[in-house]
Structures are given as structure tokens and as C-alpha cells.
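Before any comments, here is the structure.
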Amino acid sequence: MSYSYTSRSSHYNKPRPSNGRGRRNQPNKQTIHASKFVQAAKPVQIDAYTPTHQFADFTIHSLLKQNIIAKGYKTPSPIQDQAIPHGLNGQDIIGIANTGTGKTAAFAIPILNKLFDDKKSRALIIAPTRELAQQIEEEFRSFAKGSGLFGALLIGGSSMGLQLRDLRSNPNIVIGTPGRIKDHLERRTLNLSLFNIIVLDEVDRMVDMGFINDIRYLLGALAPVRQSLFFSATIDPKIEGLIQSFLTNPVTISVKTGQTGENIEQNVIRYNHSSEKIDKLHDLLTREDVAKTLIFDETHRNVDRLTKELEVRGFNVDAIHGGKSQGHRQQALRRFRNNDIKVLVATDVAARGIDISDITHVINYSVPNTYDDYIHRIGRAGRAGRIGHALTFVNP
Ligand code: AMP
């Protein structure tokens, strides 16, 4: 039996009930001075990191090594180099790392190695958004190819029935978002008491999104003896609290290189009236250097309105937000990734964690709620060592 991840449950069709806002718990809006949106890009640092291990050095199954090679990974990234040996030893880990550092493989490789040996072990991976959960699932799928392990992807907006079928197959790996995992737990369609490996990915984001109680509830339902791997870009007191309550003698690995955004050329676009605003956006999008653009706007309604307006103006554009069906969101991302569309309009939550290496521009059509959101938004451009551009519309 080959590794069989939930192809059945990928028939996404049900839109998530929309609150029209585009985020779960809207944090208070910070006042961010426009000067914080202006910054010259620093030349991209050539990564001087010399790994202390090669993938071949890790004591892992040959199938896993083959799958790593097949994926095209040649040398471990810093988080992989430092976390994988501890992960393989069964230690609890706190990984302080941003998206894009290779943290998925840093936890996937030790977990899969354990599951290859011990088919009774069970791993739960919790991520803040559906898109990130799907990206993680794809990564697991490629590393576990040919292993016979079975996985389930439990995310909102996708068919409950198909997830139930996958859960009846007693999957070794469950990946999902907090709300849907909790749904299954409450319906007793998922029993977490045998899950002895837990990953919380982007813990800070999950806390920001109001998932802290759900997370505590889910962690409380796991096997008491377990390996816990928490990844977060920042550690604040709430996260400290989770660490104290749920981790045992964790090793901390930090590969965070300060705030991201250094390789992003940042500037503002000033406008006085909304009619002028859309015209300025129009002009920008026709510029040749503005090759692939992610536009952020604030609410589901605004994202839809802006998308329609751009369509009327002849742009080939699509939108993602929490009110769209999962199928639509996936299709829009696929089209954007494949350059079938060059402009994607999104809310913060829907675009979180998107890893598309050739986005040239991030445009903040609305000012983000917090500076942290801003940094996260602009980090969607300038991936893979490139210089990116971020333009923020401000109304003086
Ligand atoms: P992540 O931070 O896990 O989302 O990974 C960011 C991107 O880097 C993904 O596209 C990964 O497939 C890729 N990646 C992760 N680790 C490596 C590696 N060791 N070599 C090459 N690419 C990698």
C-alpha cells in the first residue's frame, strides 16, 4: 500500500460561513506611521550558513533519504540542520523560525522516520490556515511516498463526509486547522488519546487568530507521553504559557534573522479620494516591472469589490478570502502560482504562509491592522533570496 493522503477529501465545496470581516478575531487596529512603510531594500545576504550535517549523515530510513533527494533538497537549511538531530532523539523542540526557512521538513523528517519504525505512533500537526495545512500535507506526502503510511487533512471548507471516511482508516498522520480538528474531536470521530507526536506550526499566528483555547483543548486530549514540536516566529507570554504547560525539557532552536522585510523595497502611494486610489492602482498594475502582484484588502466584501472593479478594467485577476469555497481558493492559488493570472487579491488570513517564489509586488490597498501583519504581508514578495517590492496606499 503506498502512502495515501486524503485525495478523497480534497473535493472542497462548502464555503465557510462568512462574517464579512475576513479574520477570526480582529485585533485592535494599530496606528502605524506612514514612514514605517518606506524603506530601501538591503542587498540580499548570500546565506553564509554552513550546515554541520548533510542529509546523508542523518540516521534515517533509506526510503526517506530517497524521497528527500527526489524532492531536490541537497543540503539542510539551518533549522533542519539544527532541529532534525534533536527531533530524531525524540526531544521536545521550540523552533523560532519564520515561514520560508524550511521548518516543515525540520519536523516532517523526524516524524516520518519514527512512523516508519512504529506504525502504532500517531502524529497531529496543527496549522493556523487551510492553505498552510495543505502545504504541510503536500510536503508530508512527498517525503512519505511509498511508505504505506496514511494521512488525513482536516480543514474547514472541505467535505466532512470525505474526512470521516479518511478518519475511519485510522490515519498515522492528521494535519489540520484547530477549528475542524476540534469539530471531529467533539463529534468523537477523532480520538487523539493515541497521538504521541504533536506539532504546532506558527503558534504565534494561531494565538493571534484567537485559537489559544482550542489549542489547549486539543493538547489536553493527546497521549500524556509524547513528543511536542512547537514552531513560532515570535515567543510572547501567551506562548510561554503554552510552552510551560505542555513541553518537557524542550531544546530551543532559533534561526530567526530579525524582522523579515529587509530585502523588500518599501514605499507608499498617497491618494486623496477613492476614485483616485483605484486609478493609481490601475496605473501601477499596467507597469511592466509589476509582474506578479498580491494585493491585500481588509474584508471579504472589499476584496470582492476590488476584484470586480479590476476585472471590469480588463485585468485578469482572482480573489481568495475565508468566504470563498476551499475549491475556489485552491484554484485561484494554482492559477496564480502557474502565472495564469498575474494579480491576486486577498485578505490577511487567506494569504498567510503563501510560498510563491516569483511574486514581485505586494500592494497594501488597505493599511494592515498591525505592523506585524504588515511584515507578514510584504514577506510574500522577495522570496527565495530575491528583492521584492511593497507599496502601501496611504491617505494623508
Ligand atoms: P517552509 O519554510 O517549510 O515552508 O519551506 C520553504 C520552501 O523551501 C519550500 O518551498 C520548501 O520546499 C523549500 N525547502 C525547504 N527545505 C529545503 C532544502 N533543504 N533545500 C531546498 N529547498 C528547501
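In listed order, ligands and their atoms are each counted from 1.
Cation-pi check for Lys292 over Phe336 is met; the charged atom lies under 6.0 angstrom from the ring centroid and within 45 degrees of its normal. Geometric assessment of Lys277 against the ring of Tyr365 yields a positive cation-pi assignment under the 6.0 Å and 45° thresholds. The side-chain tip of Lys36 does not point at the ring of Tyr374 from less than 6.0 angstrom away and within 45° of straight on.
Ile243 has its side chain within reach of Ile235: a pair of non-hydrogen atoms, C-beta onward, lies under 4.5 Å apart. Taking the side chain as every heavy atom from C-beta outward, Asn267 and Glu265 never approach each other to under 4.5 Å.
Taking every heavy atom of Thr104 and a limit of under 4.0 angstrom, the matching atoms of ligand 1 come to 1 (P), 3 (O), 4 (O).
Protein heavy atom closest to atom 16 (N) of ligand 1, with residue, atom name and distance, is Gln80 NE2, 2.7 Å. Closest to atom 9 (C) of ligand 1 among all protein heavy atoms lies Asp355 OD2, 3.3 Å.
Inclusion of Lys74 in the set of residues having an N or O under 3.5 Å from an N or O of ligand 1 is not warranted. For ligand 1, the polar-atom distance check against Gln135 finds no nitrogen or oxygen pair separated by under 3.5 Å.
Nearest to atom 22 (N) of ligand 1 by heavy atom, out of Phe231, Tyr73, Phe107, is Tyr73. Considering only non-hydrogen atoms, atom 2 (O) of ligand 1 lies nearest to Gly102 out of Ser77, Gly102, Ser357, Ser142.
A heavy-atom separation below 4.0 Å is found between Thr75 and ligand 1.
Side chain of Asn89 to backbone of Gln91: no donor-acceptor contact under 3.5 angstrom is found.
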